[in-house]
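All of these numbers come straight from a predicted model, not from anything done at the bench.
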Amino acid sequence: QVQLVESGGGLVQAGGSLRLSCAASGLTFSSYAMGWFRQAPGKERAFVAAINWGGSTTNYADSVKGRFTISRDNAKNTVYLQMNSLKAEDTAVYYCAADLRRTLITNRSVVDYWGKGTLVTVSS
């Protein structure tokens with residue numbers, strides 16, 4: 001079955017960096033658009049970043065533009081999220097998402113598969 005497994009979350013001070021990874025299995029990874037979403041306590045799950053199947057096109061939420069970078073390695077079936085200049089408001093559970101039908105995933109309602117999430121806590 002399809003599995004998306006996130007890793008790399010943790011506790012970091014404001015201004016610091018983390019790199020999240022999402023390892024995929026059970027699907028033809030290079031055919032899927034991939035994305036990252038996050039959900040803070042008491043809030044809805046929100047779009048963070050997206051990348052197309054080949055890695056040539058990306059999209060970011062305004063709140064993370066210039067600080068976060070999404071990338072993928074199709075040979076390793078893995079998508080990454082490099083997070084720099086972290087802020088307290090970036091604290092959330094970060095989820096990996098996969099979708100076969102769209103070029104970019106920016107809407108949580110169209111996701112085919114979700115990971116279970118990894119917690120990122122940024123202390124101020």
Side-chain angles (χ1 to χ4, degrees):
Q1 73 274 23
V2 175
Q3 282 193 312
L4 303 177
V5 180
E6 301 95 336
S7 61
L11 175 64
V12 63
Q13 288 188 334
S17 298
L18 281 175
R19 188 175 85 152
L20 305 183
S21 299
C22 170
S25 61
L27 52 70
T28 306
F29 182 74
S30 59
S31 296
Y32 280 75
M34 300 297 295
W36 289 94
F37 290 72
R38 66 187 181 186
Q39 189 165 14
K43 295 188 177 181
E44 293 186 341
R45 194 171 297 188
F47 167 70
V48 174
I51 190 166
N52 73 328
W53 64 272
S56 60
T57 304
T58 58
N59 193 14
Y60 297 92
D62 287 344
S63 58
V64 307
K65 278 181 183 176
R67 299 189 298 122
F68 291 10
T69 303
I70 188 171
S71 62
R72 65 190 296 161
D73 185 338
N74 285 347
K76 295 183 178 180
N77 287 2
T78 301
V79 62
Y80 305 97
L81 186 67
Q82 178 67 43
M83 305 187 295
N84 299 329
S85 302
L86 283 161
K87 305 175 182 179
E89 51 263 43
D90 294 319
T91 295
V93 177
Y94 283 72
Y95 296 91
C96 178
D99 183 68
L100 183 61
R101 294 158 292 174
R102 287 161 181 82
T103 301
L104 291 173
I105 309 171
T106 58
N107 184 338
R108 67 178 188 270
S109 67
V110 301
V111 171
D112 289 334
Y113 303 107
W114 289 102
K116 293 185 177 181
T118 185
L119 177 63
V120 172
T121 304
V122 183
S123 63
S124 57

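Expressed to the nearest 0.5 Å, how far OG1 of T121 lies from CG of D90 amounts to 11.0 Å. The CG atom of D73 lies 11.5 Å from the OG atom of S30; values are rounded to the nearest 0.5 Å. To the nearest 0.5 angstrom, S124 atom OG is 10.0 Å from Q13 atom CD. Rounding to the nearest 0.5 Å places CG of N107 at 7.5 Å from CZ of R102. The OG atom of S71 sits 8.5 Å away from atom CG of L81, with the distance rounded to the nearest 0.5 Å.
Panel note: side chain D112, backbone L100; a donor-acceptor pair is recorded below 3.5 Å. In this structure a side-chain-to-backbone donor-acceptor pair under 3.5 Å is missing from R108 to E44.
Residues passing the side chain to side chain donor-acceptor pair (under 3.5 Å) test with Q3, sequence neighbours excluded: none. Considering only residues two or more places apart in sequence or on other chains, R19 meets the salt bridge (Lys or Arg N to Asp or Glu O under 4.0 Å) condition with none of them. Listed by chain and residue number, E6, L20, Y94 satisfy the side chain to side chain contact (heavy atoms under 4.5 Å, CB included) test with T118 (two or more places apart in sequence, or in another chain).
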Would you give me the side-chain donor-acceptor pairs under 3.5 Å for residues 82-89, sequence neighbours excluded?
| from | atom 1 | to | atom 2 | distance (Å) |
| --- | --- | --- | --- | --- |
| Q82 | NE2 | N84 | OD1 | 2.9 |
| N84 | OD1 | S17 | OG | 2.9 |

Please report, to 0.1 Å, the donor-acceptor pairs under 3.5 Å made by any side chain of residues 49-64, with sequence neighbours excluded.
| from | atom 1 | to | atom 2 | distance (Å) |
| --- | --- | --- | --- | --- |
| N52 | OD1 | G55 | N | 3.0 |
| N52 | OD1 | S56 | N | 2.8 |
| N52 | OD1 | T57 | N | 2.9 |
| N52 | ND2 | S56 | OG | 3.1 |
| Y60 | OH | I70 | N | 2.9 |
| D62 | OD1 | K65 | NZ | 3.2 |
| S63 | OG | R38 | NH2 | 3.4 |

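Between K43 and Q39, the closest heavy-atom pair is O-NE2, 3.1 Å. In plain terms, the two heavy atoms of A98 and L27 that are nearest each other are CB-CD2, 4.5 Å. Closest approach of D99 to Y32, counting heavy atoms only: C-CD2, 3.5 Å. Taking each heavy atom of G9 and V120 in turn, the nearest pair found is CA-CG2, 4.1 Å. Among all heavy-atom pairs drawn from L4 and A24, the shortest one is CD2-CB, 3.5 Å. Residue C96 comes nearest to V79 through the heavy atom pair SG-CG1, 3.8 Å, listed as atom of the first residue, atom of the second, then distance.
In the hydrophobic clustering (ILVMFWY side chains linked at under 4.5 Å, chained through shared members), F47 is joined by F37, V93, Y95, I105, V111, W114, L119.
Under a hydrophobic clustering in which Ile, Leu, Val, Met, Phe, Trp and Tyr are joined whenever their side-chain heavy atoms come within less than 4.5 Å, directly or via other members, V48 and Y80 fall into different clusters. F29 and V2 fall within the same hydrophobic cluster, where Ile, Leu, Val, Met, Phe, Trp and Tyr residues are linked whenever their side-chain heavy atoms come under 4.5 Å apart, directly or through other members.
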